[in-house]
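To start, the structure under review is shown below, and the notes come after it.
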Amino acid sequence: MERLNSELYLQNCYIMKENEKMRKKAQKLNQENQQLLSELKQRLSKSNKGKQSNSSVSEQLSLSSSNPSNSMSN
């Protein structure tokens, strides 16, 4: 019985050490995931702003070319 308890105790210690290693890896992966998500959001935000400004320029160009009096005054 003593031997079985000792073996179970050692197994439990090993499992706890492995669990702690996995917890640390999970924390690192979560942190990396959060950083990547933040970077993706920034890129999407920049991309959307670029598309909006490009469409505004395109709209202005098409308006000024369709109305010659506006293009003369600009």
Side-chain angles (χ1 to χ4, degrees):
M1 192 64 148
E2 288 280 327
R3 183 176 175 197
L4 179 61
N5 278 345
S6 296
E7 288 177 10
L8 291 173
Y9 173 78
L10 291 175
Q11 285 179 355
N12 192 28
C13 288
Y14 175 77
I15 289 170
M16 288 191 301
K17 284 182 184 179
E18 289 299 310
N19 191 21
E20 188 60 31
K21 287 180 188 178
M22 293 175 78
R23 188 183 334 257
K24 287 180 182 179
K25 284 183 182 180
Q27 286 175 341
K28 286 181 182 179
L29 288 171
N30 187 41
Q31 184 179 12
E32 182 181 349
N33 195 21
Q34 292 299 320
Q35 289 172 343
L36 290 170
L37 181 61
S38 175
E39 184 179 331
L40 179 62
K41 286 180 180 179
Q42 287 176 353
R43 287 184 181 188
L44 287 174
S45 175
K46 286 180 183 177
S47 176
N48 286 341
K49 286 180 183 177
K51 287 180 183 177
Q52 287 174 353
S53 64
N54 285 343
S55 65
S56 296
V57 169
S58 298
E59 288 172 6
Q60 289 174 358
L61 288 174
S62 66
L63 287 175
S64 64
S65 64
S66 65
N67 190 348
S69 62
N70 282 346
S71 61
M72 293 283 203
S73 62
N74 288 340

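Note that CG of Asn5 and CG of Leu10 are 11.0 Å apart. Values are rounded to the nearest 0.5 Å. Atoms CG and CG, from Asn19 and Asn12 in turn, are 10.0 Å apart once rounded to the nearest 0.5 Å.
Residue pairs satisfying the side chain to side chain donor-acceptor pair (under 3.5 Å) criterion with at least one member in residues 29-39, sequence neighbours excluded, are listed as follows: Glu39-Arg43.
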Salt bridge (Lys or Arg N to Asp or Glu O under 4.0 Å) between Glu20 and Arg23, intermediate numbers included: CA-CA 5 Å; Glu20 188 60 31; Arg23 188 183 334 257; 3.4 Å; yes
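Applying the side-chain contact (heavy atoms from CB on, under 4.5 Å) test to Glu18 and every residue at least two apart in sequence or in another chain returns Tyr14, Lys21. Residues that satisfy the side-chain contact (heavy atoms from CB on, under 4.5 Å) test with Glu7, not counting sequence neighbours, are Arg3.
Tested against Ser45 for a side chain to side chain contact (heavy atoms under 4.5 Å, CB included), the candidates Lys49, Gln42, Lys41 yield a single pass: Lys49.
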